[in-house]
Amino acid sequence: AQKVTQAQTEISVVEKEDVTLDCVYETRDTTYYLFWYKQPPSGELVFLIRRNSFDEQNEISGRYSWNFQKSTSSFNFTITASQVVDSAVYFCALRDMNTGFQKLVFGTGTRLLVSP
Amino acid sequence: DTEVTQTPKHLVMGMTNKKSLKCEQHMGHRAMYWYKQKAKKPPELMFVYSYEKLSINESVPSRFSPECPNSSLLNLHLHALQPEDSALYLCASSQEGNLRDEQYFGPGTRLTVT
(Lines give C-alpha, C1' and ligand atoms only; values in the text may rest on other atoms or scores of the structure.)
Protein backbone atom coordinates (compact mmCIF):
# COMPACT_ATOMS: atom_id res chain seq x y z
CA ALA A 1 0.00 0.00 0.00
CA GLN A 2 1.06 3.57 -0.55
CA LYS A 3 2.53 5.20 2.49
CA VAL A 4 4.60 8.23 3.44
CA THR A 5 6.56 8.23 6.69
CA GLN A 6 7.92 11.32 8.36
CA ALA A 7 9.52 9.89 11.46
CA GLN A 8 10.49 13.25 12.96
CA THR A 9 7.45 14.62 14.74
CA GLU A 10 9.09 17.81 15.88
CA ILE A 11 12.48 19.43 15.41
CA SER A 12 13.79 22.47 17.25
CA VAL A 13 16.78 24.42 15.99
CA VAL A 14 18.35 27.77 16.57
CA GLU A 15 18.41 30.31 13.76
CA LYS A 16 21.19 29.79 11.18
CA GLU A 17 21.43 26.08 11.86
CA ASP A 18 20.94 23.69 8.96
CA VAL A 19 18.12 21.19 9.34
CA THR A 20 17.06 18.12 7.35
CA LEU A 21 13.52 16.80 7.31
CA ASP A 22 13.23 13.14 6.42
CA CYS A 23 10.62 11.55 4.17
CA VAL A 24 10.40 7.85 3.31
CA TYR A 25 7.75 6.57 0.95
CA GLU A 26 6.32 3.24 -0.17
CA THR A 27 4.75 2.54 -3.52
CA ARG A 28 4.59 -0.30 -6.01
CA ASP A 29 4.19 2.02 -8.97
CA THR A 30 7.11 2.91 -11.18
CA THR A 31 5.48 6.23 -12.04
CA TYR A 32 4.77 8.50 -9.12
CA TYR A 33 5.23 12.04 -7.91
CA LEU A 34 6.48 13.35 -4.61
CA PHE A 35 5.67 16.73 -3.13
CA TRP A 36 6.67 18.88 -0.19
CA TYR A 37 4.27 21.37 1.37
CA LYS A 38 4.78 23.92 4.14
CA GLN A 39 1.98 24.79 6.54
CA PRO A 40 2.70 27.90 8.63
CA PRO A 41 0.57 28.72 11.69
CA SER A 42 -1.84 30.63 9.42
CA GLY A 43 -3.03 27.26 8.10
CA GLU A 44 -2.52 27.49 4.36
CA LEU A 45 -0.48 24.71 2.75
CA VAL A 46 2.19 26.18 0.52
CA PHE A 47 3.52 24.07 -2.34
CA LEU A 48 7.32 23.84 -2.28
CA ILE A 49 8.41 21.23 -4.80
CA ARG A 50 7.33 18.38 -7.04
CA ARG A 51 9.59 15.53 -8.13
CA ASN A 52 8.73 12.66 -10.46
CA SER A 53 10.02 9.13 -10.10
CA PHE A 54 12.17 9.33 -13.22
CA ASP A 55 14.08 12.41 -12.18
CA GLU A 56 16.60 11.74 -9.45
CA GLN A 57 18.39 15.01 -9.82
CA ASN A 58 18.68 16.89 -6.58
CA GLU A 59 17.28 20.37 -6.52
CA ILE A 60 18.29 23.57 -4.83
CA SER A 61 16.14 26.64 -4.48
CA GLY A 62 17.74 29.35 -2.40
CA ARG A 63 18.16 28.00 1.12
CA TYR A 64 16.07 24.92 0.30
CA SER A 65 17.40 21.71 -1.19
CA TRP A 66 15.92 18.29 -1.83
CA ASN A 67 17.65 14.93 -2.02
CA PHE A 68 15.69 12.24 -3.88
CA GLN A 69 17.06 8.70 -3.64
CA LYS A 70 15.01 5.91 -5.20
CA SER A 71 17.37 3.27 -3.82
CA THR A 72 16.28 4.15 -0.28
CA SER A 73 12.79 5.47 -1.20
CA SER A 74 13.59 8.77 0.41
CA PHE A 75 12.94 12.37 -0.50
CA ASN A 76 14.60 14.49 2.15
CA PHE A 77 14.39 18.25 2.52
CA THR A 78 17.19 20.43 3.86
CA ILE A 79 16.92 24.04 4.97
CA THR A 80 20.26 25.79 5.13
CA ALA A 81 20.80 28.66 7.55
CA SER A 82 17.30 28.34 9.01
CA GLN A 83 15.28 31.42 9.87
CA VAL A 84 12.42 32.04 12.28
CA VAL A 85 10.05 32.34 9.30
CA ASP A 86 10.80 28.71 8.47
CA SER A 87 8.86 27.66 11.56
CA ALA A 88 5.97 25.58 10.25
CA VAL A 89 4.72 22.05 9.76
CA TYR A 90 6.20 20.42 6.68
CA PHE A 91 4.36 17.65 4.86
CA CYS A 92 5.78 15.21 2.36
CA ALA A 93 3.19 13.69 0.01
CA LEU A 94 2.98 11.01 -2.67
CA ARG A 95 0.74 10.55 -5.64
CA ASP A 96 0.73 7.44 -7.81
CA MET A 97 -1.63 5.61 -10.14
CA ASN A 98 -2.69 3.10 -7.49
CA THR A 99 -4.15 5.66 -5.13
CA GLY A 100 -5.89 7.42 -7.98
CA PHE A 101 -4.07 10.13 -9.78
CA GLN A 102 -5.97 12.88 -8.02
CA LYS A 103 -5.31 11.73 -4.48
CA LEU A 104 -2.36 12.86 -2.39
CA VAL A 105 -1.09 10.57 0.35
CA PHE A 106 0.39 12.77 3.05
CA GLY A 107 2.91 11.93 5.71
CA THR A 108 2.09 12.89 9.28
CA GLY A 109 4.18 16.04 9.04
CA THR A 110 7.23 17.40 10.84
CA ARG A 111 6.85 20.47 12.99
CA LEU A 112 9.91 22.69 12.71
CA LEU A 113 10.52 25.32 15.34
CA VAL A 114 13.28 27.82 14.66
CA SER A 115 14.13 30.02 17.59
CA PRO A 116 16.10 33.26 17.42
CA ASP B 1 -1.35 34.41 -9.36
CA THR B 2 -1.58 31.16 -7.40
CA GLU B 3 -4.34 32.19 -5.08
CA VAL B 4 -7.20 30.16 -3.74
CA THR B 5 -9.58 32.09 -1.52
CA GLN B 6 -11.90 30.67 1.09
CA THR B 7 -14.71 32.23 3.07
CA PRO B 8 -15.42 32.49 5.89
CA LYS B 9 -12.12 32.27 7.77
CA HIS B 10 -13.85 31.12 10.93
CA LEU B 11 -17.27 29.60 11.47
CA VAL B 12 -19.08 28.56 14.62
CA MET B 13 -22.29 26.65 14.15
CA GLY B 14 -24.71 24.64 16.19
CA MET B 15 -25.60 21.07 15.40
CA THR B 16 -28.94 22.05 13.88
CA ASN B 17 -27.62 24.85 11.70
CA LYS B 18 -27.13 24.89 7.95
CA LYS B 19 -24.11 26.74 6.64
CA SER B 20 -21.88 26.79 3.57
CA LEU B 21 -18.18 27.14 2.96
CA LYS B 22 -17.04 28.83 -0.21
CA CYS B 23 -13.87 28.42 -2.25
CA GLU B 24 -12.80 30.34 -5.34
CA GLN B 25 -9.86 30.23 -7.74
CA HIS B 26 -9.12 32.21 -10.87
CA MET B 27 -6.16 30.26 -12.17
CA GLY B 28 -8.15 28.40 -14.81
CA HIS B 29 -7.75 25.16 -12.89
CA ARG B 30 -10.19 22.38 -13.74
CA ALA B 31 -9.82 20.24 -10.61
CA MET B 32 -10.90 21.35 -7.14
CA TYR B 33 -10.67 19.58 -3.80
CA TRP B 34 -12.03 19.66 -0.28
CA TYR B 35 -9.87 18.46 2.60
CA LYS B 36 -10.53 18.17 6.30
CA GLN B 37 -7.66 18.65 8.73
CA LYS B 38 -7.82 17.90 12.44
CA ALA B 39 -5.26 19.38 14.80
CA LYS B 40 -1.76 17.89 14.47
CA LYS B 41 -2.87 15.62 11.63
CA PRO B 42 -2.32 15.75 7.87
CA PRO B 43 -5.14 16.85 5.58
CA GLU B 44 -7.65 14.15 4.65
CA LEU B 45 -9.23 14.22 1.24
CA MET B 46 -13.02 14.54 1.20
CA PHE B 47 -14.09 15.33 -2.37
CA VAL B 48 -12.61 15.97 -5.80
CA TYR B 49 -14.30 17.76 -8.65
CA SER B 50 -12.86 17.42 -12.11
CA TYR B 51 -14.27 19.58 -14.89
CA GLU B 52 -17.17 20.46 -12.57
CA LYS B 53 -18.13 16.83 -12.03
CA LEU B 54 -17.68 14.97 -8.76
CA SER B 55 -14.95 12.42 -9.37
CA ILE B 56 -14.02 11.33 -5.86
CA ASN B 57 -16.10 11.09 -2.68
CA GLU B 58 -14.04 9.55 0.10
CA SER B 59 -17.08 8.05 1.84
CA VAL B 60 -17.91 11.36 3.46
CA PRO B 61 -21.13 11.47 5.54
CA SER B 62 -24.09 13.02 3.77
CA ARG B 63 -24.19 15.90 6.23
CA PHE B 64 -21.41 17.30 4.01
CA SER B 65 -22.66 18.16 0.55
CA PRO B 66 -20.29 19.55 -2.08
CA GLU B 67 -21.29 21.66 -5.03
CA CYS B 68 -19.35 23.00 -7.99
CA PRO B 69 -21.47 25.69 -9.70
CA ASN B 70 -18.73 26.55 -12.20
CA SER B 71 -15.07 25.89 -12.83
CA SER B 72 -13.94 28.67 -10.47
CA LEU B 73 -16.20 28.02 -7.54
CA LEU B 74 -16.57 25.21 -5.04
CA ASN B 75 -18.98 25.10 -2.13
CA LEU B 76 -19.36 22.78 0.82
CA HIS B 77 -22.83 22.74 2.34
CA LEU B 78 -23.01 21.73 5.99
CA HIS B 79 -26.07 20.44 7.79
CA ALA B 80 -26.62 18.70 11.13
CA LEU B 81 -22.94 18.49 11.91
CA GLN B 82 -21.46 16.85 14.98
CA PRO B 83 -18.88 18.31 17.37
CA GLU B 84 -16.28 15.89 15.96
CA ASP B 85 -16.65 17.65 12.61
CA SER B 86 -14.84 20.64 14.09
CA ALA B 87 -11.68 21.04 12.02
CA LEU B 88 -9.85 23.15 9.48
CA TYR B 89 -11.46 22.75 6.06
CA LEU B 90 -9.08 23.33 3.21
CA CYS B 91 -9.90 23.87 -0.42
CA ALA B 92 -7.36 23.24 -3.16
CA SER B 93 -7.18 23.39 -6.92
CA SER B 94 -4.93 21.98 -9.61
CA GLN B 95 -4.60 22.43 -13.32
CA GLU B 96 -6.17 19.22 -14.56
CA GLY B 97 -6.14 16.78 -11.68
CA ASN B 98 -3.40 14.78 -13.36
CA LEU B 99 -0.71 12.77 -11.65
CA ARG B 100 1.91 15.50 -11.96
CA ASP B 101 -0.24 18.50 -11.04
CA GLU B 102 0.59 20.25 -7.83
CA GLN B 103 -2.34 21.38 -5.75
CA TYR B 104 -2.66 24.95 -4.54
CA PHE B 105 -4.38 25.37 -1.22
CA GLY B 106 -6.49 28.12 0.26
CA PRO B 107 -6.05 29.41 3.82
CA GLY B 108 -8.87 27.26 5.12
CA THR B 109 -12.03 27.74 7.16
CA ARG B 110 -11.72 26.91 10.83
CA LEU B 111 -15.02 25.31 11.78
CA THR B 112 -16.27 24.82 15.31
CA VAL B 113 -19.44 22.83 15.89
CA THR B 114 -21.08 23.44 19.27
Side-chain angles (χ1 to χ4, degrees), chain A residues 2-10 21 23 25 27 29-55 59 61 66 75 88-113, chain B residues 2-11 21 23 25 27 29-51 53-60 87-111:
Chain A
Q2 296 71 25
K3 189 177 174 184
V4 176
T5 300
Q6 295 180 257
Q8 304 151 309
T9 308
E10 189 166 313
L21 310 182
C23 173
Y25 62 92
T27 176
D29 275 357
T30 55
T31 302
Y32 53 88
Y33 282 80
L34 296 162
F35 303 82
W36 274 96
Y37 283 87
K38 172 184 180 179
Q39 187 172 37
S42 58
E44 178 177 349
L45 271 87
V46 178
F47 165 72
L48 296 177
I49 191 173
R50 172 190 61 217
R51 173 66 71 225
N52 77 54
S53 51
F54 300 108
D55 181 3
E59 178 145 348
S61 175
W66 291 269
F75 185 40
V89 180
Y90 290 86
F91 290 100
C92 181
L94 164 74
R95 188 193 283 140
D96 63 16
M97 295 302 292
N98 265 330
T99 47
F101 55 89
Q102 293 175 327
K103 185 172 178 180
L104 275 174
V105 176
F106 283 94
T108 49
T110 297
R111 182 176 299 276
L112 175 64
L113 179 59
Chain B
T2 56
E3 188 177 342
V4 176
T5 59
Q6 289 187 244
T7 53
K9 280 191 181 334
H10 300 274
L11 178 62
L21 309 184
C23 172
Q25 57 87 15
M27 295 178 277
H29 288 174
R30 304 314 300 264
M32 296 186 77
Y33 311 75
W34 279 116
Y35 287 85
K36 172 182 177 180
Q37 187 179 24
K38 302 284 273 185
K40 302 196 180 209
K41 297 286 187 186
E44 297 173 19
L45 183 65
M46 299 174 72
F47 302 104
V48 181
Y49 273 83
S50 184
Y51 288 83
K53 288 190 176 2
L54 184 65
S55 59
I56 295 179
N57 176 342
E58 290 284 289
S59 304
V60 179
L88 179 68
Y89 287 84
L90 292 160
C91 173
S93 70
S94 68
Q95 193 156 356
E96 296 265 330
N98 289 331
L99 192 63
R100 69 182 301 274
D101 291 344
E102 63 269 23
Q103 294 178 17
Y104 292 93
F105 285 79
T109 293
R110 202 163 291 279
L111 174 68

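Note on naming: letters A, B, ... go to the chains in the order of the sequence lines (proteins, then strands), and numbering restarts at 1 for each one.
At a 4.5 Å heavy-atom cutoff, Thr9(A) makes no contact with chain B through either its backbone or its side chain. Contact of Glu58(B) with chain A is made through the side chain alone, with heavy-atom distances under 4.5 Å. With a 4.5 Å cut-off on non-hydrogen atoms, Gln37(B) touches chain A through its side chain but not through its backbone.
Within 6.0 Å of the CZ atom in Arg30(B), the count of heavy atoms belonging to other residues, nucleotides or ligands exceeds 12. Other residues, nucleotides and ligands place no more than 12 heavy atoms under 6.0 Å from the NZ atom of Lys41(B).
Annotation for Asp101(B) and Arg50(A): closest pair CA-NH1, 4.5 Å, computed over non-hydrogen atoms. Here the shortest heavy-atom pairing between Gly107(A) and Pro42(B) reads O-CB, 3.2 Å. For Gln39(A) against Leu88(B), the heavy-atom pair with the smallest separation is NE2-CD2, 3.9 Å. Nearest heavy-atom pair across Leu90(B) and Leu45(A) is CD1-CD1, 3.5 Å. Summarising the geometry of Tyr37(A) relative to Glu102(B), their closest heavy-atom pair is OH-C, 4.0 Å, with the distance given to 0.1 Å.
Rounding to the nearest 0.5 Å places CD of Glu44(A) at 8.0 Å from CD of Glu3(B).
Options Ala31(B), Pro43(B), Gly106(B), Gly108(B) differ in how many heavy-atom pairs under 4.5 Å they form with chain A, and the most are formed by Pro43(B).
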For the pair Tyr33(B) and Leu104(A), evaluate side-chain contact (heavy atoms from CB on, under 4.5 Å) and give the outcome as yes or no after the intermediate values. CA-CA 11 Å; Tyr33(B) 311 75; Leu104(A) 275 174; over 6 Å; no
